[in-house]
Amino acid sequence: MEAVRSKPAGLKWLANGWLLAAGGLIGAILWSFVCTAPGIPWNAARLAPSFALARGLPIYALRDSGAHLGWVYGPVFPLWYAPVGFTDQPTLGLMLATGWNALTILAPLYAIVRLATAGSAPTRRFLFALGAVLLLVNPISRLAFLFMHVDAVSVGWAVVACLALHAAAVRGWRYGLPLAALAVALSVAAKQVSIVLLPATFLWLWREGHSRLIGRWIFWLALGCGGLAALFFMVFGAEGMLFNAWLLFSRMPWQGGWNVVARNLGAVAASSWLWILAALLGGLAVRLRWRERISPEAASLVRLLLWLAFWQLPLGVTASLVVDAALNSIHAIHYLFLAGLVVAGSVLARERANAASTGLLRPWFAAGLVAAVGLCALVPVLRNPDVVWRPYRGQDEMLQLARQHPGKIYLPWNPLITLISERKIYPFDEALRYLWMARLEPPRAVIQAAVPAGAMIIYSEPSQSHFALNYFGKDQRTPAVDR
C-alpha cells in the first residue's frame with residue numbers, strides 16, 4: 001500500500017510548482033484587469049446606476065423623462081455594487097468594482113469545487129486553480145473579469161440556488177429551500193434569462209425522486225420571488241421597472257436569424273477549445289464511465305447543472321440575437337463547465353483516497369496535461385500589448401475637468417462623472433439609442449432639456465456609439481467634439 005501511495009507523493013513538488021505558477025499568472029492577469037477596467041467606457045456607464053443609488057437618485061426613468069441611464073434589468077446588479085458607489089473617486093471605485101466582480105465570479109467556482117472534492121484539501125486547491133485558469137483561457141469568460149456585466153451576478157446566484165436546493169434535497173438541510181428560492185429571485189432580478197431556473201429545478205426534483213419537496217418548493221418560490229418583487233416595486237417604482245426591464249427590453253429588434261445562431265454557437269465552441277479538450281481527456285481517462293467514478297451526491301449535482309444548461313441554452317442563444325447583445329447571455333456554457341468540474345473533483349478526490357486503484361494516475365495525468373496546456377495558453381494574455389500594470393487615470397482627469405466647469409460639459413458615454421461631480425443624471429447615449437430602437441423615443445425637447453444649455457459634448461473614445469448627436473451637435477444647440 002505504501003508503495004502505491006508514493007506515486008502521487010512523488011509528484012507533490014510538481015503539483016506545488018504548478019500551483020505557484022498558476023497563482024502568479026492568475027494574480028498578474030487579474031491585477032492587469034483591475035488597472036485596465038477604469039479605462040473601458042462600458043464599465044463607467046455600467047456602474048453609473050450603482051453610483052446613482054449611493055446618491056439617492058433613481059435608476060429607472062419613464063418614457064417622458066430625459067434623464068435615462070438605460071438600465072434594462074432588475075436592480076440586483078446596481079445594489080450588488082452600490083457599496084463602491086459611495087466613493088467620489090471614479091478610478092478607485094472602478095478598481096474596487098473590478099476586484100469585487102472577480103470575487104463574484106470565483107466564489108461560486110470555489111463553492112462548487114469544495115463540494116465536489118469532498119474535503120480533500122490538495123485536490124480542492126488544484127482544481128480551484130485549474131478552474132480559474134480555464135476561465136481565463138476562454139475569451140468569453142475572460143472578458144467577464146474585465147467588463148462589468150450583469151451575467152456574473154446572475155450566474156453566481158443561480159449557482160447558489162443549485163447548491164442550496166441540492167443540499168435541501170440530498171442532505172435534508174432545513175434552510176436549503178428558502179435560501180434557494182431567494183437565490184432564484186435574485187438571479188432572475190439580475191438578468192431575465194435566469195427564469196429557466198424554474199423549469200430546471202422542478203424537473204430535477206421530479207427526476208431525482210424528490211417529488212415530496214415540490215409543494216414546499218412552490219411555496220418558497222412564491223414567497224421569495226413574490227416578496228422580493230413587491231419590495232423592489234415599492235422601492236424603485238413598479239411603473240419604471242416594468243417600462244425598462246420588460247417593455248423596452250421586449251421591444252428591442254433582432255440582429256439576425258439562423259445564420260447568427262450558427263455564428264454564435266461556432267464562436268462559443270472556438271472560445272471553449274480547452275474546455276472541450278479537457279472534457280475529451282477526462283472522458284478517456286475514466287473510459288467514459290464517469291457515473292461509476294463519482295459519488296452519488298456529486299452525480300446528483302451534475303444532473304441539476306445539466307438540466308439548467310439544457311433549459312438555458314435556447315433562451316441564452318435567443319437573447320444573443322438581440323441587437324447589441326453578445327455571447328455573455330449564453331450562461332449554459334458556464335453551467336456545463338461547472339458540471340465538468342464537479343465530475344473532475346469527485347473523480348480526482350476519490351482516486352487520491354483510493355490508492356489501491358489501478359487507474360490511480362490516469363485521471364491525474366489527464367488533469368495535469370490540461371493544467372499544463374492551460375498555463376501555456378495564459379502566457380499570451382499577459383504578452384498582449386494592451387495590458388497595463390498601472391491604473392488608468394483618465395476618469396480622474398475627466399472628473400477634474402467636470403468640476404472645473406460645472407454644468408458646461410455633457411459626457412454622453414460617461415454618466416458616472418456627472419453623477420459624482422454634479423449629482424445629476426444626464427442622458428446616457430446608449431439609453432437614447434435603445435429607446436429609439438424600441439420605438440419608445442422620448443420627446444426631443446425633453447432630452448434636450450435634460451442637458452444644460454451650452455454644454456460641450458465630449459466623447460471619450462472608444463465609445464460604442466454617438467447617438468446623442470442626433471439631439472445635439474452643430475445642427476442643434478451645442479457643438480460636438482471628440483476627446
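Along the sequence shown, residues are numbered consecutively beginning with 1.
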Just checking [X]: does its [atom1] atom have more than 12 heavy atoms from other residues, nucleotides or ligands closer to it than 6.0 angstrom?
X	atom1	answer
Q255	CD	yes
F310	CZ	no
R142	CZ	yes

Reported [atom1]-to-[atom2] distance for the pair [X] and [Y], which is rounded to 0.5 angstrom:
X	Y	atom1	atom2	answer
L96	Q89	CG	CD	9.5 Å
I26	L378	CD1	CG	7.0 Å
L69	Y426	CG	OH	13.0 Å
I409	T418	CD1	OG1	8.5 Å
I218	L205	CD1	CG	10.0 Å
M241	L247	CE	CG	14.0 Å

For the residue pair [X] and [Y], is the inter-centroid distance of their aromatic rings smaller than 6.0 Å?
X	Y	result
W71	Y73	yes
Y410	F472	yes
H466	W413	no

Which heavy atom of [X] sits nearest a heavy atom of [Y], and at what distance?
X	Y	answer
V76	L186	CG2-O, 3.6 Å
L109	F337	CD1-CE2, 4.2 Å
I59	P49	CG2-O, 3.4 Å
R251	L440	NH1-CD2, 3.4 Å
L321	N264	CD2-ND2, 4.2 Å
S320	A326	CB-O, 3.5 Å

Do the side chain of [X] and the main chain of [Y] share a donor and acceptor less than 3.5 angstrom apart?
X	Y	answer
D88	I420	no
E430	A45	no
Q312	S329	yes
N43	P38	no
W275	L134	yes
S272	A269	no
S187	A183	no
R55	F51	yes
N244	G240	yes
T318	P314	yes

Worked verdict on L197 versus F202 for side chain to side chain contact (heavy atoms under 4.5 Å, CB included) | CA-CA 8 Å; L197 279 162; F202 279 116; over 6 Å; no

Intermediate values then yes/no, side chain to side chain contact (heavy atoms under 4.5 Å, CB included), H149 and K191 | CA-CA 10 Å; H149 284 293; K191 190 164 188 176; over 6 Å; no

With a 4.5 Å limit on heavy-atom distance, are the side chains of [X] and [Y] in contact?
X	Y	result
L401	I458	yes
I457	L411	no
I425	P415	no
W273	V137	yes
Y459	P412	yes
W220	L182	no
R433	V323	yes
C225	V188	no

Show your working on side chain to side chain contact (heavy atoms under 4.5 Å, CB included) between L315 and W311 and close with a plain yes or no.
-> CA-CA 7 Å; L315 188 58; W311 282 96; over 6 Å; no

Give the ring-plane orientation class for [X] versus [Y], where under 30° counts as parallel, over 60° as perpendicular and anything between as tilted.
X	Y	value
Y81	F77	tilted
F467	W436	tilted
F128	Y110	perpendicular
W80	W157	perpendicular

Output, in order, the C-alpha distance, side-chain angles, deciding distance and verdict of side chain to side chain contact (heavy atoms under 4.5 Å, CB included) for I333 and I140.
-> CA-CA 10 Å; I333 62 172; I140 298 173; 4.2 Å; yes

Will you find, in the side chains of [X] and [Y], an N or O donor that is under 3.5 Å from an N or O acceptor?
X	Y	value
N414	Q395	yes
S194	S154	yes
S465	D429	yes
Y471	E441	yes

CA sep, side-chain torsions, deciding dist, call: S32, W389, side chain to side chain donor-acceptor pair (under 3.5 Å) | CA-CA 5 Å; S32 73; W389 300 104; over 6 Å; no

